[in-house]
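Contents: one structure, followed by commentary.
Bear in mind the structure is a predicted one, so any value in this text is a computation, not a measurement. Reckoned from all heavy atoms, side chains included, excluding hydrogens, waters and symmetry mates.
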Amino acid sequence: MNWNKWIRQAHRWLSIAFTLFVIANFAVMGRGDIALWVGFATLVPLALLLVSGLYMFALPYLSRRRAQAASGQV
């Protein structure tokens, strides 16, 4: 599995983890007192989703630029 496929797969699993953390957060909020770590637990997968999402967003532009540089069309 190459690097791009690995990042896409990790992004998918991170989105599942983030969704589960958000559901747990709402479940705990419904009970009254909320532990601070439950709220912050959603931020870890969210930050990783941001990094992997930005990478995947920039990937077509970077590959297009590399192809142009390789063909001498810079």
Side-chain angles (χ1 to χ4, degrees):
M1 188 182 297
N2 67 15
W3 187 250
N4 294 334
K5 288 183 182 180
W6 186 85
I7 288 184
R8 288 183 189 277
Q9 190 67 31
H11 188 81
R12 288 184 190 117
W13 283 105
L14 283 169
S15 67
I16 292 170
F18 176 71
T19 303
L20 293 175
F21 277 123
V22 169
I23 291 170
N25 196 354
F26 280 119
V28 171
M29 282 175 46
R31 297 182 67 192
D33 286 341
I34 182 169
L36 193 57
W37 68 268
V38 175
F40 286 136
T42 58
L43 296 179
V44 174
L46 184 62
L48 294 172
L49 279 169
L50 174 69
V51 171
S52 62
L54 287 174
Y55 173 79
M56 289 190 300
F57 177 78
L59 196 59
Y61 301 106
L62 295 174
S63 64
R64 191 176 311 146
R65 181 172 283 204
R66 282 188 202 141
Q68 287 176 349
S71 67
Q73 296 179 358
V74 178

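Following chains of ILVMFWY side-chain contacts shorter than 4.5 Å, one can reach Met56 starting from Trp3, so the two form part of one hydrophobic cluster. Placement of Trp13 and Trp6 in two distinct hydrophobic clusters is found when ILVMFWY residues are connected by side-chain heavy-atom separations under 4.5 Å, directly or transitively. One hydrophobic cluster holds both Phe40 and Phe18 under the rule that ILVMFWY side chains link at heavy-atom gaps under 4.5 Å. At a threshold of 4.5 Å between side-chain heavy atoms, the hydrophobic network of Ile, Leu, Val, Met, Phe, Trp and Tyr places Met29 and Leu43 in one connected group. The hydrophobic clustering, which links ILVMFWY residues whose side-chain heavy atoms are closer than 4.5 Å, places Val22 and Leu48 together.
We find the OG1-CH2 distance between Thr42 and Trp37 to be 11.0 Å, quoted to the nearest 0.5 Å. To the nearest 0.5 angstrom, Gln9 atom CD is 11.5 Å from Ser52 atom OG. Ser15 OG to Leu20 CG: the interatomic distance, rounded to the nearest 0.5 Å, is 9.5 Å.
Within the 4.5 Å cutoff, side-chain heavy atoms of Tyr55 are placed close to those of Asn4. Contact annotation: the side chain of His11 never approaches that of Leu14 to less than 4.5 Å [non-hydrogen atoms, C-beta and beyond].
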